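Since the model is a prediction, treat every value here as computed from it, not as a measurement. Chain identifiers are assigned alphabetically (A, B, ...) following the order of the sequence lines, protein sequences preceding nucleic acid strands; residue numbering begins at 1 within each chain.
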2 protein chains.
Amino acid sequence: MEAEERKTPARLLGEADGVPGEWLEPRYPIGQAAAFTDVPADTLRYYERKGIMTLAGRTPGGARRYSELDLEKIACAHWLREAGVPIDVIRQLTALRGQGPQTASGRRALLVAHRDELQRRRDRIEESIDAVEEKIAKYDRIVEARR
Amino acid sequence: MEAEERKTPARLLGEADGVPGEWLEPRYPIGQAAAFTDVPADTLRYYERKGIMTLAGRTPGGARRYSELDLEKIACAHWLREAGVPIDVIRQLTALRGQGPQTASGRRALLVAHRDELQRRRDRIEESIDAVEEKIAKYDRIVEARR
DNA sequence: GCTTGACTTAAAGTGAACTCCAAGTTCTAG
DNA sequence: CTAGAACTTGGAGTTCACTTTAAGTCAAGC
């Protein structure tokens, strides 16, 4: 057992290797994938159930093996989640991506809709910040008056 | 029955009336309070259970009656919720407010903490927007290339 | 007195996104 | 070959903030 877990597969480091298609090899068990992507294994299985990950390769025995491309897809899905995109929308994006390049404009539309939503969310937060600052200022005056 | 429900109690319109302390009168039943504040009656009871509303006045029969001050407190709590402040934090603020003015600096600290949290949240969203825009641009190039 | 509608309570249900568990199977190092 | 770590599955549990339900009480108009 190593002192420190290796956290990044070659592809993510940009170490292009000679064998073409090598990063499509289903190589990484779920625990490694979890460590690489920082997404818990349970969550990876959950994403799969929810249909936002097309199934990675399996060993004859049935254990999942992720390729480096799969890891990138996971990273992308997880990133979208962190950006607040609901699983449902990610599923739609994934489904469209699976249907080939003619769905590109549909996917673009989904992303534009989400960007607009994000902007609205940011604007609301901005307003909240302003209002909270005002309240803080009010407390400053109160605290000041009591000294 | 009126054609249009009256949505705002006098105090919120700024119609100061002659009788001092009048806006402390527990006057409005929960349905009215809900209409005024745009917070469903169920949610008002829920807030009360959660301890983020000190109990409003009651009729002899046990029905809640809200004063205009209560309505302002509701508006404040609801606004904090919309700003993403968890119920728990609102409860702390409410509790501190109930303990008098010497807790003002404590309340200020809670608000500052929340403002910082909001700023972090806004910054994350900002990053997400940038990233989504980048993805959109990528799709633009794809869609362009296919024409 | 009776109906209607607004109110009361405790408790259960909802939905999103995980997160954990039990019991069994597979993989891997020695 | 075997011990034990890592994996499999289906399903239950968790958290948050409500939301709904069931069963009953209260106040006003006819």
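Partners of B:Arg124 under the side-chain hydrogen bond (donor to acceptor under 3.5 Å, both in side chains) rule, at least two apart in sequence or in another chain, do not exist in this structure. For the side chain to side chain contact (heavy atoms under 4.5 Å, CB included) test, residues two or more places apart in sequence or in another chain that qualify with B:Glu126 are A:Arg122, B:Arg122, B:Ile129. Take A:Asp123 and apply the side chain to side chain contact (heavy atoms under 4.5 Å, CB included) test, not counting sequence neighbours, and it matches no residue.
Nucleotide D:dA6 holds its C1' atom 13 Å from the OH atom of A:Tyr66, rounded to whole Å. The distance from atom CG of A:Leu44 to atom C1' of D:dA6 is 14 Å, rounded to the nearest whole Å.
Among residue pairs with one or both ends in residues 75-89 of chain A, those qualifying as salt bridge (Lys or Arg N to Asp or Glu O under 4.0 Å) are A:Asp88-A:Arg91; sequence neighbours excluded.
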Donor-acceptor contacts under 3.5 Å from residues 100-111 of chain B side chains, at least two apart:
| unit_1 | atom_1 | unit_2 | atom_2 | d |
| --- | --- | --- | --- | --- |
| B:Gln102 | NE2 | B:Gln99 | O | 2.9 |
| B:Thr103 | OG1 | B:Leu96 | O | 2.7 |
| B:Thr103 | OG1 | B:Gly100 | O | 2.8 |
| B:Thr103 | OG1 | B:Arg107 | NE | 3.1 |
| B:Thr103 | OG1 | B:Arg107 | NH2 | 3.1 |
| B:Arg107 | NH1 | A:Tyr139 | OH | 3.2 |
| B:Arg107 | NH2 | B:Gly100 | O | 3.1 |
| B:Arg108 | NE | A:Asp140 | OD1 | 2.3 |
| B:Arg108 | NH2 | A:Asp140 | OD1 | 3.3 |

Protein proximity profile, nucleotides 7-28 of chain D - base contact B, sugar-phosphate-only contact S, no contact -, cut-off 4.0 Å on heavy atoms
SBB-------BBBB-----S--
